[in-house]
Amino acid sequence: MNKKVVSLHKNRKFRANLGNLARQQIVDARLALGMDHTEFASKLADLLGWPVEATKVESWETSATPPGDVALASNMLLQHASPFQGSKVNDDMLGAAVRNRYADVTAVYPTRSQFTSEMSAHEIFDDASEIKAAGLSLNTICQQYPTERLVDLIENGTSVELLFLNPTGTSINEREEEEGFQAGYLSALTQLNIDTVSRVLTSLSDDALGRFEIRLYDEPIRFNLLFVNDEVGVAQPYLPASRGVDSPTFVLEKTRQRGLYQTFRSIYLELWDRGTISGY
């Protein structure tokens with residue numbers, strides 16, 4: 001048992017005002033989603049299956065204690081919304097408890113294809129000030145996001161780091177064999193993506209050039225990693241004998257405590273430091 005854990009229930013002077021915490025959760029969720037009371041009431045009604053009036057939402061935020069199903073529904077709305085849009089709820093006790101229970105994992109998708117169908121590249125990158133990505137071919141940013149838009153981001157101050165599995169290395173050949181692809185298939189796809197995204201350089205001003213870098217690494221591929229604004233991360237493992245698109249996807253949100261976000265961020269930083277500058 002962790003001796004550092006302190007039970008507040010043993011302190012007779014402590015009285016947690018759970019009603020206020022629940023009301024604040026409703027306020028935080030609605031504001032984080034950028035909705036007024038009417039819009040939020042409509043979304044709650046869709047989840048709950050019964051009518052919710054805007055005036056009821058107002059009362060749950062100010063005086064009445066929201067029922068448990070309403071609190072859960074508001075949390076579901078917040079988690080279903082794009083975590084890449086930069087909106088954050090206050091770090092209240094209830095929110096912290098939920099995040100800590102799941103080690104800062106905020107969403108899980110059975111496959112990468114399901115993740116990409118529900119989370120578009122525009123939702124992920126459009127408001128980014130920092131993008132760090134490491135993996136095999138990095139299709140999300142190279143194939144699903146317009147090069148012109150990426151140029152605009154970098155010109156407006158966004159820093160971008162892309163770490164590709166070396167298309168001429170031995171590790172990519174081993175992955176091709178493991179996934180059952182013909183020799184050279186993944187190498188050609190990765191080289192195509194590198195060539196595609198390298199065109200960004202020809203469109204960047206001198207001031208912006210330093211904010212864009214491509215590196216290569218040649219190590220056994222274990223994860224596809226993506227970090228945006230040092231706030232949200234995406235970790236996608238590579239499974240034995242399975243295509244990358246069929247592997248699960250974990251969405252992580254940085255918290256004050258060290259969790260999975262920090263673990264995968266450290267993996268990325270170590271890979272990046274060992275990477276070699278591409279000859280683009």
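- Listed by first and then second residue, the salt bridge (charged side-chain N to carboxylate O under 4.0 Å, His left out) pairs involving residues 33-59 amount to none (not counting sequence neighbours).
- Residues F227 and Y261 bring their aromatic ring centres within 6.0 Å.
- The stretch residues 148-202 participates, sequence neighbours left out, in these ring pair (Phe, Tyr, Trp, His ring centres under 6.0 Å) pairs: F181-Y185.
- R23 places a side-chain N or O within donor-acceptor distance of the main-chain N or O of S63, the cut-off being under 3.5 Å.
- Side-chain atoms of E123 come within 3.5 Å of backbone N or O of S120 as a donor-acceptor pair.
- Annotation: side chain of T111 is not in contact with side chain of F115 (no heavy-atom distance under 4.5 Å).
- Remark: side-chain polar atoms of E130 are not paired, donor with acceptor, to backbone N or O of V160 under 3.5 angstrom.
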**Report entry** H122/Q144 under side chain to side chain donor-acceptor pair (under 3.5 Å): CA gap, chis, key distance, verdict
**Finding:** CA-CA 9 Å; H122 281 282; Q144 300 171 23; over 6 Å; no
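- Side-chain contact between I194 and P167 is present, with at least one heavy-atom pair separated by less than 4.5 Å.
- The backbone N or O of S187 sits less than 3.5 Å from a side-chain atom of E176, completing a donor-acceptor pair.
- Put simply, the side chain of W272 does not reach to within 4.5 Å of the side chain of L162, judged on heavy atoms.
- Contact of the D273 side chain with the Y268 side chain is not registered, since no non-hydrogen atoms from C-beta on lie closer than 4.5 Å.
- R30 places a side-chain N or O within 3.5 Å of a backbone atom of M35 that can act as its donor or acceptor partner.
- Q143 and N193 form a side-chain donor-acceptor contact under 3.5 Å, judged by distance and modelled atom types alone.
- N224 places no side-chain N or O within 3.5 Å of a backbone atom of Q236 that could act as its donor or acceptor partner.
- Side-chain atoms of T158 come within 3.5 Å of backbone atoms of A128 as a donor-acceptor pair (strictly under, hydrogens ignored).
- No side-chain heavy atom of V251 sits less than 4.5 Å from a side-chain heavy atom of V105.
- In this structure, F125 and T140 have side chains that are in contact, with non-hydrogen atoms separated by less than 4.5 Å.
- Applying the ring pair (Phe, Tyr, Trp, His ring centres under 6.0 Å) rule to pairs touching residues 51-78 yields nothing, sequence neighbours excluded.
- With no hydrogens or angles considered, no side-chain donor-acceptor pair links S74 and Q25 at under 3.5 Å.
- With a 6.0 Å radius and a threshold of 12 heavy atoms from other residues, nucleotides or ligands, E177 has its CD atom at or below the threshold.
- The closest donor-acceptor contact from the side chain of N229 to the backbone of S129 lies under 3.5 Å.
- To the nearest 0.5 Å, atoms OG (S266) and CZ (F264) are separated by 11.0 Å.
- Between L226 and the choices L252, I141, V234, the side-chain contact (heavy atoms from CB on, under 4.5 Å) rule is met once, by V234.
- Between the side chain of R112 and the main chain of T249, no donor-acceptor pair closer than 3.5 Å is present.
- A side-chain N or O of N166 and one of T168 form a donor-acceptor pair less than 3.5 Å apart.
- A 4.5 Å side-chain heavy-atom check between R265 and D230 finds at least one atom pair inside the cut-off.
- Summarising the geometry of C142 relative to T196, their closest heavy-atom pair is O-CG2, 4.0 Å, with the distance given to 0.1 Å.
- Contact check for L186 versus L136: side-chain heavy atoms found under the 4.5 Å cut-off.
- A donor-acceptor pair under 3.5 Å is absent between the side-chain atoms of Y238 and the main chain of S247, judged by distance alone.
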